[in-house]
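Data first, discussion second: the structure below is written as structure tokens.
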Amino acid sequence: MFKKIIFAAGLALSSGAASAEQSPECPLYFPDSELCASVEFAQAPNQNADSPFVLKVYDQTSTASAPALVDPAQLKVDLWMNMGHHGHGTSPVKIEKQEVGTFLISEAYFVMPGKWLIRVWINGEKNEMTVVVKP
């Protein structure tokens, strides 16, 4: 089972519009859809092996005491590393729905140490967060 390791402190927003609702409770905010997403690793990302993680998507407007998990109409995830004048990604990750609003992202290979972006598109909106992969 995945232990909750949330990488919220290293957020890198791709859009200024997202900052209004960005918070520790909503690490990745998608304003057009009013949805949030979080990333949870069982273990810190590793350059030498698959580093699966769980992506949870929930309704930002929910008034329930616990966030209401929801399935987005569209979901895309990739891994990207900026390297000065160029960048590169990895092979496509595998996305498997576990239950409503909960997706296992596997075949997540961070092929070298450094700062990587986990880029998430929900219903056509993009946001991203930074994770540090150590050697």
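Note that the structure is predicted; figures quoted are calculated from it, not measured.
Between Q60 and L35, every side-chain heavy-atom pair lies at or beyond the 4.5 Å cut-off. The shortest distance between side-chain heavy atoms of N48 and Y109 does not fall below 4.5 Å. The shortest distance between side-chain heavy atoms of V54 and V39 does not fall below 4.5 Å.
Closest heavy-atom contact between F41 and P52: CD2-O, 3.7 Å. Among all heavy-atom pairs drawn from I95 and L75, the shortest one is CG2-CD2, 4.0 Å. Taking all atoms of both residues into account, the shortest heavy-atom contact from P27 to P24 is CD-O, 3.7 Å. Residues P72 and I122 approach most closely at CB-CG2, 3.6 Å, considering heavy atoms. Nearest heavy-atom pair, D50 versus E107, reported as atom, atom and distance to 0.1 Å: OD1-N, 3.0 Å. Heavy-atom minimum distance, Q47 versus P113: OE1-CD, 2.9 Å.
The backbone N or O of N46 sits less than 3.5 Å from a side-chain atom of S51, completing a donor-acceptor pair. Distance alone, capped at 3.5 Å, is enough to place a donor-acceptor pair between the N127 side chain and the Y29 backbone. At least one donor-acceptor pair under 3.5 Å links the side chain of N123 to the backbone N or O of A73.
With values rounded to the nearest 0.5 angstrom, S38 atom OG is found 6.5 Å from K56 atom NZ. Atom CD in Q98 sits 5.0 Å away from atom CG in L104 (nearest 0.5 Å).
Put simply, L55 and V100 are part of two different groups of oily side chains (I, L, V, M, F, W, Y) that touch within less than 4.5 Å, one to the next. Note on I118: it clusters hydrophobically with M81, by side-chain heavy-atom contacts below 4.5 Å among ILVMFWY residues. Taking hydrophobic clusters as Ile, Leu, Val, Met, Phe, Trp and Tyr residues chained together by side-chain heavy-atom distances below 4.5 Å, V111 shares a cluster with L79. Under the 4.5 Å side-chain contact rule for hydrophobic residues, F30 and Y58 do not share a cluster. Cluster annotation: V120 and V70 are assigned to the same hydrophobic cluster (Ile/Leu/Val/Met/Phe/Trp/Tyr, side-chain heavy-atom contacts under 4.5 Å, transitive).
Using cut-offs of 30° and 60° for the angle between ring planes, the W116 and H88 rings count as perpendicular.
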Show your working on salt bridge (Lys or Arg N to Asp or Glu O under 4.0 Å) between K126 and E128 and close with a plain yes or no. CA-CA 7 Å; K126 177 186 168 191; E128 57 195 28; 3.5 Å; yes

Kindly determine whether F103 and D71 satisfy side chain to side chain contact (heavy atoms under 4.5 Å, CB included), including the steps that lead there. CA-CA 9 Å; F103 303 86; D71 288 336; 3.7 Å; yes

Walk me through it: do L28 and M129 pass the test side chain to side chain contact (heavy atoms under 4.5 Å, CB included)? CA-CA 7 Å; L28 295 169; M129 66 183 295; 4.0 Å; yes

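Side-chain contact, S33 with E125: a donor N or O sits under 3.5 Å from an acceptor N or O.
Applying the salt bridge (charged side-chain N to carboxylate O under 4.0 Å, His left out) rule to pairs touching residues 78-87 yields D78-R119, sequence neighbours excluded.
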